[in-house]
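Because only heavy atoms are used, hydrogens play no part in the values below, and waters and symmetry mates are left out as well, while side chains stay in. All ligand and atom numbering here is 1-based and tracks the order in the structure.
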Amino acid sequence: METNTHLFSKLTVKSVELRNRIGIPPMCQYSCQDGLLNDWHLGHYGLRAAGGFGLIIIEATAVCPEGRITPGDAGIWSDAHIEPLARTVLFIESQGAVPGIQIAHAGRKASAALPWKGGAHLDNANGGWNIVAPSPIAFGGDLGKVPHELTIEEITRIQADFVAGARRALQAGCKWLEIHSAHGYLSHEFLSPLSNKRTDRYGGSFENRIRFLLETTQAIRAVWPEHLPFTIRLSCTDWVDGGWDLEQTVALCRILRLEGVDLIDCSTGGGVATANIPVGPNFQVSFADRVRRDCGLLTAAVGLITEPAQADQIIRSGQADMVLIGRESLRDPNWPLRAARSLGCPEQMPPPPQYARVW
Ligand SMILES: Cc1cc2nc3c(=O)[nH]c(=O)nc-3n(C[C@H](O)[C@H](O)[C@H](O)COP(=O)(O)O)c2cc1C
């Protein structure tokens, strides 16, 4: 069904207004030392804010050092992380984009080398660390370390780390919070029966497997202001029989809505190395559509959305409330400026005055 809403319609979520429906999904830059953002991040995110994106979700930012995917990941486990983050956040905002952040724990996929150094698990002797997960099952392939099975006390500790991370993100000026519960990282590991074999209250039944995320959501909700968007990224399916799937996602999202979650960022996969994923343009859009229709939540669609007309159609057809442009935004930081021109509505997306004469 066509609607009057289009790619350049504003989107209001709580008290935050996005200038358009185009966001950048979280994308690790693996360029921090000790989790601290630096000039790379200021330039990288700043350029894309100037390029017209409505929302910029800063990369997976670890709530504790062991929760980093690689030693170069961003972190938010200490007050020292606030000021460098605030610098990037302020600049994003000065360019008219809304600054968001994804807070994360990498679970059994932590302690890996930088992608451009192969991405395999690092031995502790080579800068790696001991990893943790719901169950002591290795991810496999290059990520062969066997994680330590979290105790209840350790689970509680990590949940407190998420809460502290959310508080610090707020102090740094972030206006949009996303919990990372996708791609085979810790929270997703709890959700999926393939990685969660626990027999206590955090494993087994659907109610038990969602408990980690649900409790974390509730605890963060208590410190994250009501007036700011509170969102979660999910892998809506493992793409593997017997794994986490869309029906469980829908059941979970109905509960999350009641907990005050505003939007679901609908991704898939990442939990099973051998999964057969039908990757192609729009391959995850139907998940955003289903969650939006059946759960009464806003959704973001992501995954191989590269063309302006393609993105516009997703919004006009009401399949999602916004689109996130990942790799294509790495190729073209001015994607929204270009999209407005190719869709014949340049007035919707004026360039920054410094660039006005060339657009
Ligand atoms: C370099 C890179 C880093 C990424 N880092 C993250 C991340 O920090 N958190 C996350 O949830 N997804 C991450 N992703 C996945 C993207 O957010 C996105 O879901 C994925 O690239 C699919 O969208 P695309 O086809 O538009 O690139 C990353 C992807 C890339 C290419």
Practice task
Report the residue from Glu66, Arg108, His105 that forms a side chain to side chain contact (heavy atoms under 4.5 Å, CB included) with Val132.
Solution key: His105

Practice task
Below 4.0 angstrom from a heavy atom of His183, which ligand 1 atoms are there? Numbered from 1 as shown, please.
Solution key: 10 (C), 11 (O), 12 (N)

Handout entry: Backbone or side-chain N or O of Cys28 under 3.5 Å from ligand 1 N or O
Key = yes

Exercise for the section: Would you check whether Gly303 reaches within less than 4.0 Å of ligand 1, judged by its heavy atoms? Expected result: yes

Exercise for the section: Record the part of Glu328 in heavy-atom contact with ligand 1 below 4.0 Å; permitted values are side chain, backbone, both and neither. Expected result: neither

Problem - Minimum non-hydrogen distance to atom 31 (C) of ligand 1, winning option of Arg327, His180, Arg331, Glu59 - result: Arg327

Handout entry: atom 20 (C) of ligand 1 within contact range, any protein heavy atom under 4.0 Å
Key = no

Problem - Ile103 and Ile220, any side-chain heavy atoms less than 4.5 Å apart - result: yes

Handout entry: Trp239 ring center within less than 6.0 Å of Phe287 ring center
Key = yes

Fill in the blank from the handout: Rounded to the nearest 0.5 angstrom, the CZ-CD1 distance for Arg168 and Ile101 is 11.5 Å

Practice task
Answer yes or no: does an N/O atom from Gln102 fall short of 3.5 Å to an N/O atom of ligand 1?
Solution key: yes

Exercise for the section: Identify the protein heavy atom lying closest to atom 13 (C) of ligand 1, giving its residue, its atom name and the separation to 0.1 Å. Expected result: Pro26 O, 3.0 Å

Practice task
Could you list the atoms of ligand 1 found under 4.0 angstrom from a heavy atom of Pro25?
Solution key: 17 (O)

Problem - Check: Asp312 side chain, Leu7 main-chain N or O, donor-acceptor pair, under 3.5 Å - result: yes

Practice task
Flag Gly326 as yes when one of its N or O atoms lies below 3.5 Å from any N or O atom of ligand 1, and as no otherwise.
Solution key: yes

Completion exercise
OG of Ser267 to CG of Leu234, rounded to nearest 0.5 Å, is 9.5 Å

Fill in the blank from the handout: In this structure, atom 29 (C) of ligand 1 is nearest to the protein heavy atom Met27 CG, 3.8 Å

